[in-house]
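Below you'll find the structure, written out as structure tokens, and then a few comments.
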Amino acid sequence: MLADQSAGVYATAGELRDSLAMTRAGLAALMVRAPVAGRLTAFTLLPGQMVKPGDAVGQVDSERAWKLIADVDQFYLGRVRAGLKAVADIDGSGVPLTFLKVLPQVTEGRFRVELAFDGAALTGLNRGQTLDVRLTLGADRPAVVAPAGGWLDAGGTVAFVLTGENRAVRRAITTGRRNPDQVEVTSGLAPGDRIVTSPLAAYTPYQTLLLR
């Protein structure tokens with residue numbers, strides 16, 4: 001009699017274990033799991049909301065694979081390439097970056113680049129965050145520079161230099177490196193010279209301009 005009761009108890013316990021396993025399997029099937037480890041963002045799912053396989057319920061940011069996207073002035077399109085190095089300012093520290101990809105399509109005077117963070121994973125970054133990035137395309141050296149402007153439309157080979165007598169005298173110059181704000185003048189101007197920066201297309205035949 002006791003043996004029969006023990007067998008019944010064991011059988012009941014087995015059925016309970018099987019039922020518990022089925023319940024856990026059913027619960028696991030209802031759980032949504034991310035395919036990769038990371039931080040869950042853009043999670044807008046609401047209680048009671050119905051979703052089906054393939055629906056986006058959130059976004060997982062991998063903190064070991066941050067990528068920076070930047071728009072660069074088209075002036076540098078011929079000088080920027082994959083593999084160049086840059087430095088991002090994050091909380092006062094310089095973090096090295098490497099150019100991964102250069103997208104040469106120009107939109108509104110700018111083209112887009114993608115950069116990756118070098119070294120260990122970073123913490124405290126957020127998707128959409130803005131960072132200051134410094135890219136050096138050449139070694140620093142002393143130079144005479146002038147503001148970029150309409151006067152460069154004449155080809156950057158001529159400047160009208162102010163003489164201090166309400167006059168500006170035509171002078172041949174040569175230019176070098178440029179950025180959107182400044183141009184390097186490699187010959188023809190000395191430090192302290194003042195020039196006319198308005199468009200010169202109508203004045204290039206003249207040797208002297210009278211200023212009013």
Would you say [X] and [Y] make side-chain contact, with heavy atoms under 4.5 Å?
{"X": "Ile195", "Y": "Trp151", "answer": "yes"}
{"X": "Leu209", "Y": "Arg170", "answer": "no"}
{"X": "Asp118", "Y": "Lys85", "answer": "yes"}
{"X": "Val133", "Y": "Val87", "answer": "no"}

- request: Check side chain to side chain contact (heavy atoms under 4.5 Å, CB included) between Glu165 and all other residues, then give those that pass, not counting sequence neighbours.
  value: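 Glu165: side chain to side chain contact (heavy atoms under 4.5 Å, CB included) contacts with Thr163, Arg167.
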
Taking atom [atom1] of [X] and atom [atom2] of [Y], what is their separation to the nearest 0.5 Å?
{"X": "Lys67", "Y": "Leu115", "atom1": "NZ", "atom2": "CG", "value": "10.5 Å"}
{"X": "Phe99", "Y": "Leu84", "atom1": "CZ", "atom2": "CG", "value": "6.0 Å"}
{"X": "Phe160", "Y": "Leu200", "atom1": "CZ", "atom2": "CG", "value": "6.0 Å"}
{"X": "Arg110", "Y": "Leu77", "atom1": "CZ", "atom2": "CG", "value": "13.0 Å"}
{"X": "Leu131", "Y": "Ile90", "atom1": "CG", "atom2": "CD1", "value": "5.0 Å"}

Single hit among Arg17, Met22, Arg24 for side-chain contact (heavy atoms from CB on, under 4.5 Å) with Leu20: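 Single side-chain contact (heavy atoms from CB on, under 4.5 Å) partner of Leu20 among Arg17, Met22, Arg24: Arg24.
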
query: When you check the gap from the basic side-chain N to the acidic O, do Arg112 and Asp71 get nearer than 4.0 Å?
result: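 Here Arg112 pairs with Asp71 in a salt bridge, since their nearest N and O are under 4.0 Å apart.
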
[X], [Y]: one ILVMFWY side-chain cluster at the under-4.5 Å cut-off?
{"X": "Leu135", "Y": "Phe117", "answer": "yes"}
{"X": "Val102", "Y": "Val106", "answer": "yes"}
{"X": "Val161", "Y": "Leu152", "answer": "yes"}
{"X": "Ile173", "Y": "Tyr206", "answer": "yes"}

message: So for atom CD, which belongs to Gln105, do other residues, nucleotides or ligands contribute more than 12 heavy atoms lying within a distance under 6.0 Å?
response: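 Atom CD in Gln105 is not crowded, with 12 or fewer foreign heavy atoms closer than 6.0 Å.
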
task: Please check if the side chain of Ser19 supplies one atom and the backbone of Glu15 the other of a donor-acceptor pair under 3.5 Å.
output: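 The answer is no, because no donor-acceptor pair under 3.5 Å joins these two groups.
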
query: Is there a donor-acceptor pair under 3.5 Å between the side chain of Thr174 and the backbone N or O of Ser187?
result: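 Yes; judged by distance alone, with no hydrogens or angles, the pair exists.
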
